[in-house]
Amino acid sequence: MATTSEKHRINALAKDFNLKSKDLITILDNNGFTGKTHMAVLEEAELNVIFETLTQQNQIDITAFFKEYDDKKNAKKEEKRKAEEEKRAAAEEEKRKRKAEKGVQQQPQKKRSRDEVRVVDTRGTTNVDLSKYDEKLLNYDNVVSESHTSVQKIKKKNKFAEQQKGKKQFDKKQQQQKPAQKPKPVQLKITVPETISVTELASRMKTAAAEVIKKLMLMGMMVSVNESIDYDTAYLIADEFGIKVEREIVVTLEDKLFDESEDKEENLVTRAPVVVVMGHVDHGKTSLLDAIRNTHVTAGEAGGITQHIGAYSVSVDDKEVTFLDTPGHAAFTEMRARGANVTDIAVLVVAADDGIMPQTVEAINHAKAAGVPIIVAINKIDRPGADPDRVKTELTQYELVPEEWGGDTICVPVSALHRQGIKELLDMILLSAEMLELKANPARAAKGAVIEAKLDKGRGAVATLLVQNGTLKHGDIIIAGNSVGRVRVMTDDKGRKITEAGPSVPVEIMGLAEVPEAGDIFNSVADERMARELAEQRRAKKKEEEQNNQKVSLDDLFAQIGSGVKNLNIIVKADVQGTAEAVKSSLVKLSNEEVKVQVLHTAAGGIIESDVMLANASNAIIVGFNVRPDKNAIDMAARDKVEIRTYRVIYDCIEEIEAAMKGMLAPTYRENVLGHAEVRNAIRVPNVGTIAGSYVQDGKITRNAMVRVVRDGVVIYEDKIASLKRFKDDAKEVMQSFECGIGLEKFNDIKVGDILEAYIMEEIER
């Protein structure tokens, strides 16, 4: 047999087997080795296939072959042995004689005989030179000696290998015939929510964050990797990279729990208007409501001042009207600060003998900020000195022009004490409600606002709710702010137990796990477990917002304008009304295409808590001229992160706000208030001046500090400390709750009750 290094062509092999080249090519084609010609050189696997096929077609008497092979081999050995024997004839002859004597005759060694093998007659005689394939055929020596099972295994293995090789060669040929095709580029698509951080957007686009920031800079946006951008901006950025963007629909727990779909017109019914009563203290708000309800609430309350927030329903000509009675306007603003715009109409109570008072102005501005129509009830017209026309004239200063004077503000003269004008006032309320076309859908889950809430020792958490849409039923699961519970008991405003409450109906309920806050939105839900999970999320979010709460401020106003701030709300307080109006007109003129300056409230007097409350609800800053905030206002502003700016010169304020809007605000110094001291004694010292015997209320007073003299909330002088003594000794500083003597360099007109505000100017880096 030929060695692996020998090469055999098809035509030569066919000649050896007395076959045609075509026959061998057919055998190769049937076994997967296609494309062969008669001159092709055969590989070992191809030879195996041919030998296997020919063997199966024409079995050869292998025994005869082995016998012939053994005879030839033995003949050569015999010749060699005889040659050696001739050379050693003399020596061997003696040896053979001895063997002959012993009866042992030397016989030539032969190969072991073969067992009987079935012989199949082959076709004729074949002139095959088997010596060429000795090596190949010698392998059959082991094959024949193995069992029939082993032979079958080898055949299967060889056949599998041949099929695999044939398949590979076929695939290779197919690949050579077909031209290589490049894969088509895949269009990258991403989903983006309403807001997304730059880092997350870069990750979804499979690009570097620096590349995204570079694109944003080219668009005029200076954004860091941790800041967020809106969907539209992300869409434009992705488009620059050739990436398609789809809006990501985020399903929140609110989406799962609350049905916020719009009501169909056929499901809507007219609902009762919700009216809030506001005005200056002691102008008769509760007395007016008492007259409307025909009860006597005022008599049982301390000093005639409302002690709680109440909600009451009254029937007028078979139509219901819901009234909210608030102590001043604080609760109204507090509810609005939490997003609960519960009222439809504001009734402004003004005493005909007093006219417009500071709290009246605040009430007007709060109602305007809430965007509700105002009906003016001119009360106490029965009193001597009552002048309704004077009230109407004063109203025009605040853009409230009476209807009889060509405006759109309804003014109704009333007397709560004598029940005069009450019917006319209610008619005007119903007329305004009719023009507003107030409607709701009672056939859905209830939604509304918390009017007030408290913890009762015997009943637990008790909340007064105002249903704004849908119907609240006994046993409903509700979530109000961070509180979850089931309506166990429900009573109306007259103390009667009820089982359901529709739109614009106020009810008192029990069953909440904890006390919600006034102004929290409540919803009736179906899944209590999911509602508790949402409440937990709200608690975590509220905690995070408290840490990261960012109110509008002049320092970063320009950056906030770039991120979407369109309105700059300002509250102006000044020492006199004329100054406040001048400042208001100057600030409004600063409005431009990017930001509109709105002055929500102007008044004379110091900065107090109600100013901070309005600023917090409206995201406004407070600007003061020659006035200072009191301690309660300072504490509330620090807690709610409301900015208070005080000035002595109007132009300083105008220039600073204008520079802030242009992004050029660069103050070098910042005022740091050290503390406040109350003057309890004014001591005249000859050749020295007046020494203020003072008590340090908070913080500290230091020797090198500047001092403002504040009288009734108004700054009357600014000076430096000339001397600071503790008893008779000089002191560098005096801490809170200690007494001291303070002498000023220039100002001597110190009076008992004045507040000395100590402060220093600190240089800051920008």
Side-chain angles (χ1 to χ4, degrees), residues 191-197 199-200 203 226-228 230-231 247-261 309 331 334-342 444-490 501 507-551 616-617 619 639-641:
T191 58
V192 174
E194 290 299 325
T195 59
I196 187 172
S197 66
T199 304
E200 178 63 21
S203 175
N226 296 322
E227 290 186 61
S228 297
D230 58 14
Y231 172 81
R247 194 182 296 273
E248 181 179 326
I249 301 174
V250 180
V251 181
T252 62
L253 283 174
E254 282 93 343
D255 297 330
K256 296 177 182 178
L257 282 171
F258 310 149
D259 181 13
E260 300 293 346
S261 60
I309 304 171
E334 206 169 294
M335 287 190 290
R336 196 169 66 82
R338 293 187 175 89
N341 291 323
V342 297
R444 64 182 302 168
K447 179 181 180 181
V450 178
I451 303 302
E452 70 169 348
K454 60 184 177 181
L455 185 63
D456 189 283
K457 289 184 179 179
R459 299 184 296 170
V462 180
T464 301
L465 309 180
L466 176 66
V467 181
Q468 294 177 284
N469 201 14
T471 300
L472 182 65
K473 300 177 182 178
H474 180 270
D476 281 356
I477 301 166
I478 64 171
I479 175 171
N482 303 332
S483 181
V484 179
R486 191 182 294 269
V487 180
R488 305 293 183 189
V489 179
M490 183 162 53
V507 291
E508 187 178 74
I509 67 153
M510 290 183 287
L512 291 173
E514 56 189 88
V515 180
E517 296 184 13
D520 280 343
I521 304 296
F522 82 85
N523 291 84
S524 176
V525 298
D527 192 326
E528 186 173 0
R529 182 195 60 80
M530 200 178 294
R532 295 189 184 281
E533 185 180 347
L534 175 59
E536 190 62 37
Q537 284 186 7
R538 286 178 173 179
R539 290 189 196 98
K541 185 179 180 181
K542 182 180 179 182
K543 186 176 180 181
E544 183 180 353
E545 286 178 350
E546 287 175 353
Q547 294 174 348
N548 301 325
N549 188 19
Q550 184 183 14
K551 294 288 184 180
N616 183 34
N619 195 21
R639 185 184 70 237
D640 296 338
K641 295 182 174 58

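Computed over heavy atoms, backbone and side chain alike; hydrogens, waters and symmetry mates excluded.
- The closest donor-acceptor contact from the side chain of Arg444 to the backbone of Gly470 lies at 3.5 Å or more, if one exists at all.
- The shortest heavy-atom contact between Val450 and Ala480 is CG2-CB, 4.1 Å.
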Go through the steps for Val462 and Glu508 under the test side chain to side chain contact (heavy atoms under 4.5 Å, CB included), then give the verdict. CA-CA 7 Å; Val462 180; Glu508 187 178 74; 3.4 Å; yes

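- Interatomic distance, Ile477 CD1 to Glu528 CD, rounded to the nearest 0.5 Å: 4.5 Å.
- Scanning all heavy atoms of the two residues, the minimum distance from Val515 to Ala461 falls at CG2-CB, 3.9 Å.
- The shortest side-chain heavy-atom distance between Arg459 and Val489 does not fall under the 4.5 Å cut-off.
- The shortest distance between side-chain heavy atoms of Gln468 and Val342 falls below 4.5 Å.
- Between Tyr231 and Val192, the shortest heavy-atom distance links the atoms CD1-O, 3.6 Å.
- Between Glu536 and Arg532 there is no salt bridge, since no side-chain N of the basic residue sits under 4.0 Å from a carboxylate O of the acidic one.
- The distance from the CD1 atom of Ile196 to the CG atom of Asp230 is 11.5 Å, given to the nearest 0.5 Å.
- Within the 4.5 Å cutoff, the side chain of Leu512 has heavy atoms near those of the Ile478 side chain.
- Between the CG atom in Asn523 and the CG atom in Asp476 there is a gap of 11.5 Å [rounded to 0.5 Å].
- Minimum heavy-atom separation, Val507 to Ala501: CG1-CB, 3.5 Å.
- For Ile479 against Val525, the heavy-atom pair with the smallest separation is CG2-CG1, 4.1 Å.
- Here the OG1 atom belonging to Thr199 is positioned 10.5 Å from the CD atom belonging to Glu227, to the nearest 0.5 angstrom.
- Contact of the Leu534 side chain with the Phe258 side chain is registered, since non-hydrogen atoms from C-beta on lie closer than 4.5 Å.
- Note that CE of Met490 is 11.5 Å distant from CE of Met510, once rounded to the nearest 0.5 Å.
- Proximity of a side-chain donor or acceptor of Arg486 to a complementary backbone N or O of Gly511 within less than 3.5 Å is not detected.
- Atoms CG and CD, on Leu465 and Glu452 in that order, are 10.0 Å from each other to the nearest 0.5 Å.
- When all heavy atoms of Ala445 and Ser524 are compared, the closest pair comes out as CB-O, 3.6 Å.
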